[in-house]
Participant: 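Before I ask anything, let me first share the structure, which is written out below as structure tokens.
Residue numbers run from 1 in the order of the sequence given.
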Amino acid sequence: MRRYETISIISPNVGEDEIKAICQKTAGIIEGDGGTIINVDNWGLKKLAYPIKKQQQGFYIYTEFAGVPTAVSEMERIFKIDDNVLKFMTVKLQEVYDPNTPVKSSISAKSQESENDLDEEEED
């Protein structure tokens, strides 16, 4: 299993129920292929940097999960069909995901690495 994160932008014209339905459908696809949802975060309504499908705003949904590549393909296929999904992007975070290992945020891991690099430079 691999660890992924997906950020999707949902049309501002949809209601809370439809947003929850999209999140549940996404979770169903991932868990149907044996994956697990690690974190789902609704970032809320944000102004877009540029118009997407004539929309100036969109609901941002962040989903972190562990799954197989076929689940990602199926999820993205459903996103392409759904008119309420304006845009989406999936990024692979880890090649091999072990659920027993504590999950480190990629941001904190990168900042830790940069601190270690600075410490090494100061010693030289």
Side-chain angles (χ1 to χ4, degrees):
M1 236 187 296
R2 298 176 181 163
R3 191 168 134 225
Y4 297 94
E5 69 180 5
T6 298
I7 297 176
S8 53
I9 304 174
I10 311 299
S11 174
N13 302 330
V14 301
E16 282 288 321
D17 295 336
E18 292 179 43
I19 292 173
K20 287 180 184 178
I22 291 171
C23 292
Q24 289 173 349
K25 187 186 302 183
T26 303
I29 293 168
I30 294 165
E31 291 171 347
D33 280 342
T36 57
I37 302 293
I38 298 171
N39 182 23
V40 176
D41 194 9
N42 184 343
W43 291 350
L45 188 64
K46 305 266 185 202
K47 185 176 184 304
L48 302 174
Y50 55 91
I52 302 172
K53 297 182 182 177
K54 299 182 181 179
Q55 299 294 327
Q56 298 291 328
Q57 296 181 325
F59 287 101
Y60 281 70
I61 307 293
Y62 172 82
T63 307
E64 187 176 354
F65 61 95
V68 293
T70 56
V72 175
S73 298
E74 178 63 15
M75 179 184 67
E76 290 181 347
R77 186 184 75 79
I78 297 297
F79 281 166
K80 287 177 187 175
I81 294 170
D82 193 346
D83 291 334
N84 291 326
V85 179
L86 300 177
K87 250 192 185 337
F88 61 89
M89 184 173 72
T90 301
V91 177
K92 180 173 59 173
L93 299 176
Q94 283 181 330
E95 186 67 36
V96 178
Y97 173 71
D98 181 16
N100 299 327
T101 307
V103 177
K104 266 189 171 179
S105 152
S106 57
I107 296 171
S108 65
K110 287 180 184 175
S111 65
Q112 183 66 30
E113 288 174 8
S114 63
E115 287 177 12
N116 291 342
D117 291 342
L118 289 175
D119 291 341
E120 289 174 5
E121 289 176 8
E122 290 175 359
E123 291 176 1
D124 292 337

Participant: Under 4.5 Å between side-chain heavy atoms, hopping through other hydrophobics if needed: is there a path connecting Tyr4 to Ile7?
Facilitator: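 Result: no, two separate clusters.
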Participant: Not counting sequence neighbours, list each pair that qualifies as a salt bridge (charged side-chain N to carboxylate O under 4.0 Å, His left out) and has a residue in residues 17-41.
Facilitator: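 As it turns out, there is no salt bridge (charged side-chain N to carboxylate O under 4.0 Å, His left out) pair with a partner in residues 17-41 once direct neighbours are skipped.
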Participant: Find out if a path of hydrophobic residues (ILVMFWY) with successive side-chain heavy-atom gaps under 4.5 Å connects Leu93 to Val40.
Facilitator: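 Shared cluster, no.
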Participant: Can you find a pair of side-chain heavy atoms, one from Phe65 and one from Met75, that are under 4.5 Å apart?
Facilitator: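 They are in side-chain contact.
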Participant: Provide the closest heavy-atom pair for Cys23 versus Ile61 in the form atom of the first, atom of the second, distance.
Facilitator: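 Scanning both residues completely, I find the closest heavy atoms to be SG-CG2, 3.8 Å.
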Participant: Nearest 0.5 Å, what's the CG-CG distance between Asp83 and Asn13?
Facilitator: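 Asp83 CG to Asn13 CG: 11.5 Å, rounded to 0.5 Å.
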Participant: I need the Ile29 CD1 to Thr70 OG1 distance, nearest 0.5 Å.
Facilitator: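 Nearest 0.5 Å value for the CD1-OG1 distance: 11.0 Å.
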Participant: Which pair of heavy atoms, one from Leu45 and one from Pro12, lies closest together, and at what distance?
Facilitator: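 Taking Leu45 first and Pro12 second, the nearest heavy atoms are CD1-CB, 3.8 Å.
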Participant: NZ/Lys87 to CD1/Ile10 distance, rounded to the nearest 0.5 angstrom?
Facilitator: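 If we round to the nearest 0.5 Å, Lys87:NZ and Ile10:CD1 are 13.0 Å apart.
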Participant: So which heavy atom on Glu74 is nearest to which on Arg77, and how close?
Facilitator: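 Taking Glu74 first and Arg77 second, the nearest heavy atoms are OE2-NH2, 2.9 Å.
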Participant: Give the cluster check for Ile37 versus Tyr60: same hydrophobic cluster or not, with ILVMFWY residues linked at side-chain heavy-atom distances below 4.5 Å.
Facilitator: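 In one cluster: no.
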Participant: In this structure, would Phe59 and Leu48 fall into the same cluster of hydrophobic residues linked by side-chain contacts under 4.5 Å?
Facilitator: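 In one cluster with Phe59: Leu48, no.
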Participant: Would Ile9 and Gln55 count as a side-chain contact (heavy atoms from CB on, under 4.5 Å) here? Give the steps.
Facilitator: CA-CA 11 Å; Ile9 304 174; Gln55 299 294 327; over 6 Å; no
Participant: Nearest 0.5 Å please: distance from the OG1 atom of Thr36 over to the CZ atom of Arg3.
Facilitator: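 Output value for this atom pair is 10.5 Å.
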Participant: Do Asn39 and Thr63 pass the side-chain contact (heavy atoms from CB on, under 4.5 Å) test, and can you show the C-alpha distance, the side-chain angles, and the key distance before you say yes or no?
Facilitator: CA-CA 6 Å; Asn39 182 23; Thr63 307; over 6 Å; no
Participant: Distance check, rounded to the nearest 0.5 Å: Tyr62 atom OH versus Asn42 atom CG?
Facilitator: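 One gets 14.0 Å once the value is rounded to the nearest 0.5 Å.
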Participant: Quick one: salt bridge (charged side-chain N to carboxylate O under 4.0 Å, His left out) partners of Glu16, sequence neighbours excluded?
Facilitator: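 Here no residue qualifies.
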Participant: Among the clusters formed by ILVMFWY side chains lying less than 4.5 Å apart, do Ile52 and Ile22 turn up in the same one?
Facilitator: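 Ile52 and Ile22: separate clusters.
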Participant: Rounded to the nearest 0.5 Å, how far does NZ of Lys47 lie from CD of Gln57?
Facilitator: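 Between Gln57 CD and Lys47 NZ, I get 8.0 Å after rounding to 0.5 Å.
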Participant: Identify the heavy atoms of Met1 and Gly35 that sit nearest to each other, and give their distance.
Facilitator: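 So the minimum-distance heavy-atom pair works out to SD-CA, 3.9 Å.
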